[in-house]
Each structure stands twice: as C-alpha cells, then as structure tokens.
Amino acid sequence: MKKEYAVLIEAVTKAAALAKKRIGKVSYELKGKSNLVTQADIACQKKIVEIISKAFPEHGFLAEESQSGIKKDGRYLWVIDPIDGTTNYAHTFAHSAVSVALTDGGRPVMGAIMDIFKGELFTAVKGKGAHLNGKKIRVSGTPKLQDSLLITGFPYDRTPIKKVHVPIFTDFLFNCHDVRRTGSAALDCCWIACGRADGYWEFSINPWDCCAGTLIVQEAGGKVTDFKGKAFSKLEKYGAEFLASNGKIHKEMLGIINKTLGSL
Ligand code: LIP
C-alpha cells in the first residue's frame with residue numbers, strides 16, 4: 001500500500017497548505033444554526049478528491065462537504081474531513097486540521113491528520129504504529145481517571161445539552177484534573193494518541209471527524225469504542241457515541257457516561 005500512503009500524504013499536506021494560505025481571508029456560511037462551512041473547506045475537499053481520484057479512479061469517497069460527481073461506494077473508500085474544526089478556522093482560533101482515512105471494507109487501514117496552524121502531521125498505518133512528524137507516538141500511561149486530563153466536544157444540535165451533555169461534563173470535572181473543549185475531534189484523537197491528554201468523549205460526531213483519528217489512537221496503543229465499550233463494526237457507526245482513551249481509564253470513563261445515561 002505504498003502508493004496509497006504517498007497519495008494520502010500528498011493530499012493531506014497540499015490541502016493543509018491551501019487552508020493555511022487562506023487563514024483569516026475566508027467568509028463562512030451556515031449549514032445549520034451553528035454549523036459553519038467556509039470556501040476553504042470546499043476548496044480543500046476539491047483538492048483532496050482531485051489528487052486521490054487521479055491516482056485511484058476506481059476508489060470511492062465519504063466526505064463532509066457533499067460534492068457531486070464523486071463515486072460514493074466500493075471496497076476502498078476515502079473518508080475526508082477537509083477542515084475539522086471549521087468554527088475554529090473561521091474565527092482564526094488556531095486549532096483545526098485536515099483529516100483523511102482510507103478504509104478497506106469499512107475499516108480504516110491508514111489515516112493522516114495535519115494541523116493547519118502548527119503544521120504537525122499525525123499518521124498511522126494499520127499494524128505499523130502511529131507517528132507525529134515521522135516519530136513514533138504512544139498514548140499516556142496515566143493509570144487513573146482522577147489523574148487525567150480529558151477532552152470533550154458538543155454537537156451542533158444543542159437540544160440534549162442540558163439533560164445529557166452538561167451532567168456528564170460536570171461529573172467528569174469532579175473526577176479528573178480538568179476537561180478541555182478544543183473544537184476539533186480529529187486533533188482531539190491525535191492529542192490522546194501522543195499523550196497530551198488521556199481521554200476524549202463526544203456524542204454525535206461523524207465518521208469523517210473521527211475515522212483517521214480512531215486508527216491513530218489505536219496504533220498508538222489506545223482504545224476507541226462506543227459508550228457500551230464496543231468497537232465500531234461499520235463505518236456508519238463511527239462517532240454517534242465516541243470514546244477514545246489511553247486504555248487504562250477507559251472503564252472509569254464508561255462508568256461516568258453510563259451513570260448519566262442510565263438515569264435519563
Ligand atoms: C466538528 C468537530 C468538533 C465537534 C463538532 C464538529 P467540523 O467538526 O471536530 O470538535 O465538537 O461537533 O463535529 O464541523 O468542524 O468538521
């Protein structure tokens with residue numbers, strides 16, 4: 001899969017360079033009440049699809065910004081978030097990334113995430129480990145929730161926020177060092193993978209937000225499941241319930257989430 005990997009890296013780095021050039025220069029539109037899209041999202045996605053389809057005309061795509069004329073099925077499917085953390089990007093809050101994964105029969109086999117602002121490139125190939133700018137990375141060794149730094153995010157649909165998300169957030173706050181809300185699910189996964197944080201949970205994200213990130217966490221020795229503790233069986237399942245951790249605090253995190261879910 002050498003050619004696939006080279007194409008993946010070319011697509012992600014070129015799209016990140018394009019997005020970087022446009023920082024602070026793009027306007028946005030609203031896809032939902034608080035869900036933004038910028039011209040840079042569209043341009044980056046076009047660039048990624050162009051590079052990949054030129055190399056692999058028979059491969060399909062699952063991409064955040066719908067695009068007509070692209071093949072949407074097949075054994076090999078590229079899962080693309082042209083800019084993950086679009087709200088951050090639109091406000092020049094420096095934390096957004098390009099995220100691309102290649103899946104084989106619905107399972108990620110390689111993934112790359114590039115931080116548009118910092119230039120950090122996170123990569124993983126199934127069975128070959130995870131890397132940051134070419135250097136091997138590992139999840140943290142934090143053994144207990146009480147000693148952990150956590151990350152979360154909130155979905156664009158704010159309806160369940162008071163009943164579900166805030167109680168879980170509060171419960172975690174009382175049981176760890178602190179909780180961050182960074183605004184990029186893809187980078188949240190990468191930061192778990194390289195040990196900058198220990199656990200990350202979120203409801204209602206999409207496969208393009210977390211597919212490459214899932215492989216990067218797993219290849220760095222971490223664990224990724226839904227809130228029942230189950231691994232994702234198909235691509236469509238990625239993200240509705242998302243928990244990534246260093247593995248050691250996974251069970252404790254499931255306990256906190258399910259305590260609130262069980263009381264609803
Ligand atoms: C966003 C995420 C963010 C999350 C949002 C959304 P987008 O992706 O990465 O962290 O909280 O629900 O999914 O829309 O910027 O690609």
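Both counts, for ligands and for their atoms, begin at 1 and track the order of listing. Since the model is a prediction, treat every value here as computed from it, not as a measurement. Only heavy atoms go into these numbers, but all of them, side chains included; no hydrogens, no water, no symmetry mates.
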List for me each residue that meets side chain to side chain donor-acceptor pair (under 3.5 Å) alongside Glu65, sequence neighbours excluded, and say none if there are none.
Lys31

Could you list which atoms of ligand 1 come closer than 4.0 Å to a heavy atom of Thr86?
15 (O)

State whether the number of non-hydrogen atoms from other residues, nucleotides or ligands found under 6.0 Å of Tyr156 atom OH is greater than 12.
yes

Intermediate values then yes/no, ring-ring contact (aromatic ring centres under 6.0 Å, His included), His250 and Trp201
CA-CA 10 Å; His250 211 82; Trp201 85 96; over 10 Å; no

What atoms of ligand 1 come closer than 4.0 angstrom to any heavy atom of Asp209?
8 (O), 13 (O), 16 (O)

Taking the ring centre of each residue, are Phe122 and His131 less than 6.0 Å apart?
no

Which ligand 1 atoms, with their elements, are less than 4.0 angstrom from a heavy-atom of Ile83?
16 (O)

Atom 12 (O) of ligand 1: which protein heavy atom is closest, and how many Å away?
Glu202 OE2, 3.2 Å

Best match, Gly183, Gly153, Ala186: closest heavy atom to atom 10 (O) of ligand 1:
Gly183

So, for Phe242 and Phe227, is the gap between ring centers shorter than 6.0 Å?
no

Those residues that, when tested against Tyr238, pass ring pair (Phe, Tyr, Trp, His ring centres under 6.0 Å) (two or more places apart):
Phe232

Enumerate the atoms of ligand 1 whose separation from the nearest heavy atom of Tyr156 is less than 4.0 angstrom.
1 (C), 6 (C), 7 (P), 8 (O), 14 (O), 15 (O)

Show me which atoms of ligand 1 lie under 4.0 Å from any heavy atom of Ser184.
9 (O), 10 (O)

Using a heavy-atom cut-off of under 4.0 Å, does the side chain or the backbone of Asp81 touch ligand 1, or both, or neither?
side chain

Compute whether any side-chain donor of one residue and acceptor of the other, for Asp41 and Thr86, lie under 3.5 angstrom apart.
yes

Residue Gly85 vicinity, atoms of ligand 1 by number, heavy atom under 4.0 Å
7 (P), 15 (O), 16 (O)

Under 4.0 Å to a heavy atom of Asp84 - the qualifying atoms of ligand 1, by number:
1 (C), 2 (C), 7 (P), 8 (O), 9 (O), 15 (O), 16 (O)

Can you list the atoms of ligand 1 that are under 4.0 Å from a heavy atom of Glu64?
14 (O), 16 (O)

Once rounded to the nearest 0.5 Å, what's the spacing between atom NZ of Lys128 and atom NZ of Lys136?
10.5 Å

Side chain, backbone, both or neither: Phe154 near ligand 1, heavy atoms under 4.0 Å
backbone

